Student: 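One structure, pasted below without further comment.
Treat the numbers as computed from the prediction; the structure is a model and nothing was measured. In each ligand, atom 1 is the first atom listed, and ligand 1 is the first ligand listed. The basis for the numbers below is simple: all heavy atoms, side chains too, and nothing from hydrogens, waters or symmetry mates.
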Amino acid sequence: MKIDLTLAEGLKTPLYYYDRSLLEATLKEINDCIKGTPIKVHYAIKANCNPKILKVIADAGLGADCVSGREISTAIKAGFQPDTICYAGVGKTDRELIGGMKAGIAYFNVESLEELEVLAGLAEEYGYKPNVCLRVNPNIDAHTHHYITTGLEENKFGIHLSMLGQAIDFTKKSSFLNLVGLHFHIGSQITITEPFKVLCEKINALQKEYAEKGIEFKIINVGGGLGIDYDNPDENPIPDFKGYFDTLLQNLKLKPGQELHCELGRSVVAQCGALISKVTYVKKGVDRQFIILDAGMNDLMRPALYGAHHKIENLTAPKDAAIECYDVVGPICESSDTFGKDEKLPITKRGDLIALRSAGAYGESMASTYNIRTLPESVLV
Ligand SMILES: *Cc1c(COP(=O)(O)O)cnc(C)c1O
């Protein structure tokens with residue numbers, strides 16, 4: 001990604017800066033990889049729901065993966081066709097379930113027996129027959145941060161394997177639900193193939209078990225989770241989609257006519273975004289010096305929330321400037337408001353512009369107004 005500051009002139013910092021050409025190249029890579037395969041990709045819009053970004057993704061023909069009622073309406077407004085939208089979440093309210101049926105979404109990823117019963121009741125009352133994928137908790141360790149692991153039994157997500165038979169029976173017997181498939185999502189920022197292979201094996205075993213009982217699924221949805229390279233955004237601007245899709249296609253035993261759905265979020269948008277911030281102070285401490293930015297944890301929450309690290313660059317310092325060691329922090333009244341410790345950066349001055357790289361996913365969409373700050377602005381260049 002190239003950051004051309006002349007294009008962001010006149011805009012206020014902190015600023016989310018998005019590179020349209022990298023986003024389009026990423027989408028083209030995805031579309032090239034899935035051409036001629038049974039794969040359909042649904043973009044997980046919680047990763048970045050900026051309308052300008054959503055429109056580019058909808059125009060590329062991806063479907064949408066939503067986790068709230070307002071994500072569904074936002075996706076439709078941005079140009080996603082309702083029948084390409086799937087909807088997951090452990091706590092869908094009655095209003096959200098009804099809204100999804102009214103909008104005509106492709107299917108619900110149902111996460112519990114309790115939700116199935118409520119959805120069936122509402123479908124009867126309102127005269128719909130929604131498509132249902134059952135979200136299975138496959139009890140797989142994705143070897144990622146425990147806050148973003150979702151496929152373990154101890155997590156709140158999905159239907160426990162021991163209750164899946166009951167959920168399938170209920171859905172098949174209901175005149176108001178249409179069982180179309182199984183759904184899985186084991187976590188996020190997964191950078192090794194092993195967990196995806198284990199997932200494929202679990203899915204194969206389940207398919208075999210249910211095929212013996214005469215139950216077939218039209219859709220297998222493996223969720224998202226493909227990780228990106230936060231340390232080397234310039235060397236790896238586009239994730240290894242080919243490797244990821246090949247892992248799925250080689251390890252899954254798909255039936256003829258069966259569709260394979262993926263819900264990619266981070267890997268689609270992370271590298272095309274940077275949070276650009278201005279240095280408010282360079283503060284001398286005892287044994288250390290702090291770069292204090294005008295961006296804080298309310299603008300980019302990942303470091304404070306799960307110790308994530310975004311590559312930090314000084315965009316204005318001369319290329320040949322001497323290197324010094326800094327702690328890079330925000331202005332918020334929390335010590336977790338820290339973007340980097342002992343960062344080696346060119347000598348930095350008040351007024352310099354700093355980029356926090358790979359901030360296109362779970363950056364702007366997680367921003368808050370904590371400390372009654374304004375939300376960051378954005379530009380798609
Ligand atoms: C968050 C989420 C995704 C996307 O995960 P990424 O790691 O961003 O690819 C996909 N499916 C579901 C159900 C999710 O909650």
Side-chain angles (χ1 to χ4, degrees), residues 23 26-27 30 39-50 53-54 57 62-69 71-72 75 80 84-92 96 100 105-112 115 132-138 140 142-152 155-159 181-193 195-196 199 219-230 238-241 243-245 247-248 260-273 301-302 305-306 308 358-366:
L23 177 58
T26 305
L27 292 163
I30 293 173
I39 298 176
K40 280 192 184 172
V41 175
H42 297 249
Y43 166 63
I45 81 167
K46 73 174 188 282
N48 189 322
C49 47
N50 183 310
I53 299 279
L54 290 183
I57 299 173
L62 269 60
D65 166 47
C66 297
V67 291
S68 77
E71 282 197 358
I72 295 175
F80 290 93
T84 67
I85 294 176
C86 55
Y87 178 20
V90 292
K92 304 180 194 78
E96 288 177 312
I105 64 168
Y107 56 90
F108 291 82
N109 290 320
V110 174
E111 308 227 7
S112 65
E115 181 189 340
V132 167
C133 279
L134 297 171
R135 177 167 181 177
V136 181
N137 184 324
I140 291 174
H143 298 286
T144 182
H145 191 280
H146 64 283
Y147 278 12
I148 49 178
T149 288
T150 53
L152 281 171
N155 302 130
K156 66 183 174 179
F157 300 99
I159 298 169
L182 296 178
H183 174 241
F184 306 81
H185 174 63
I186 56 175
S188 200
Q189 185 51 17
I190 301 170
T191 51
I192 49 176
T193 38
F196 293 121
L199 175 62
I219 296 166
I220 296 294
N221 183 328
V222 293
L226 178 61
I228 65 131
D229 190 343
Y230 280 99
I238 298 181
D240 181 13
F241 291 109
Y244 168 73
F245 292 130
T247 299
L248 296 174
L260 173 57
H261 291 193
C262 301
E263 300 168 337
L264 298 175
R266 183 190 314 272
S267 50
V268 181
V269 288
Q271 297 292 28
C272 80
M301 196 184 185
R302 298 184 64 257
L305 186 63
Y306 25 69
S358 314
Y362 305 106
E364 193 182 3
S365 65
M366 281 185 150

Student: G224 heavy atoms, cut-off 4.0 Å: which ligand 1 atoms fall inside?
Tutor: 9 (O), 10 (C)
Student: With heavy atoms only and a cut-off of under 4.0 Å, state how N109 meets ligand 1: side chain, backbone, both or neither.
Tutor: neither
Student: When the aromatic ring centroids of Y107 and H261 are compared, is their separation below 6.0 Å?
Tutor: yes
Student: Return a yes/no value for G225: is any of its N or O atoms, backbone included, closer than 3.5 angstrom to an N or O of ligand 1?
Tutor: yes
Student: Give a yes or no answer on whether the side chain of N137 reaches the backbone of F157 with a donor-acceptor pair at less than 3.5 Å.
Tutor: yes
Student: For atom 7 (O) of ligand 1, grab the closest protein heavy atom and report residue, atom and distance to one decimal in Å.
Tutor: S188 OG, 2.3 Å
Student: At less than 4.0 angstrom from any non-hydrogen atom of R266, what atoms of ligand 1 do you find?
Tutor: 6 (P), 8 (O), 9 (O)
Student: Check L23 against V268 and note the closest heavy-atom contact, atom names and distance.
Tutor: CD1-O, 3.6 Å
Student: Classify the side-chain pair H183/E111 by whether it contains a donor and acceptor separated by less than 3.5 Å.
Tutor: no
Student: I need the atoms of ligand 1 closer than 4.0 Å to a non-hydrogen atom of R135, numbered in the order shown.
Tutor: 13 (C)
Student: Below 4.0 angstrom, N of the basic side chain to O of the carboxylate: do K46 and E71 qualify?
Tutor: no
Student: Can you find a pair of side-chain heavy atoms, one from V110 and one from C133, that are under 4.5 Å apart?
Tutor: no
Student: In terms of atom number and element, which parts of ligand 1 are under 4.0 angstrom from non-hydrogen atoms of Y362?
Tutor: 1 (C), 4 (C), 5 (O), 6 (P), 8 (O)
Student: Hey, mind stepping through Y87 and H42 against ring pair (Phe, Tyr, Trp, His ring centres under 6.0 Å) and telling me if it holds?
Tutor: CA-CA 10 Å; Y87 178 20; H42 297 249; over 10 Å; no
Student: Is there a heavy atom of F157 sitting under 4.0 angstrom from any atom of ligand 1?
Tutor: no
Student: Within a distance under 4.0 Å of any heavy atom of A44, pick out the atoms of ligand 1 and give their elements.
Tutor: 3 (C), 4 (C)
Student: Compute the shortest N/O to N/O distance between H183 and ligand 1 and return yes if it is under 3.5 Å, no if not.
Tutor: no
Student: Nearest protein heavy-atom contact for atom 1 (C) of ligand 1: which residue, which atom, what distance?
Tutor: K46 NZ, 1.3 Å
Student: What are the two closest non-hydrogen atoms of Q271 and S358, and how far apart are they?
Tutor: OE1-OG, 2.7 Å
Student: Looking at P239 and L226, what are the two nearest heavy atoms and their distance?
Tutor: CB-CD2, 4.2 Å
Student: Under 4.0 Å, heavy atoms only, figure out whether ligand 1 is touched by the backbone of E111, its side chain, both or neither.
Tutor: neither
Student: With only distance considered, is G265 within less than 3.5 Å of ligand 1 through an N or O on each side?
Tutor: yes
Student: Select one of side chain, backbone, both or neither to describe which atoms of E263 lie under 4.0 Å from any atom of ligand 1, heavy atoms only.
Tutor: both
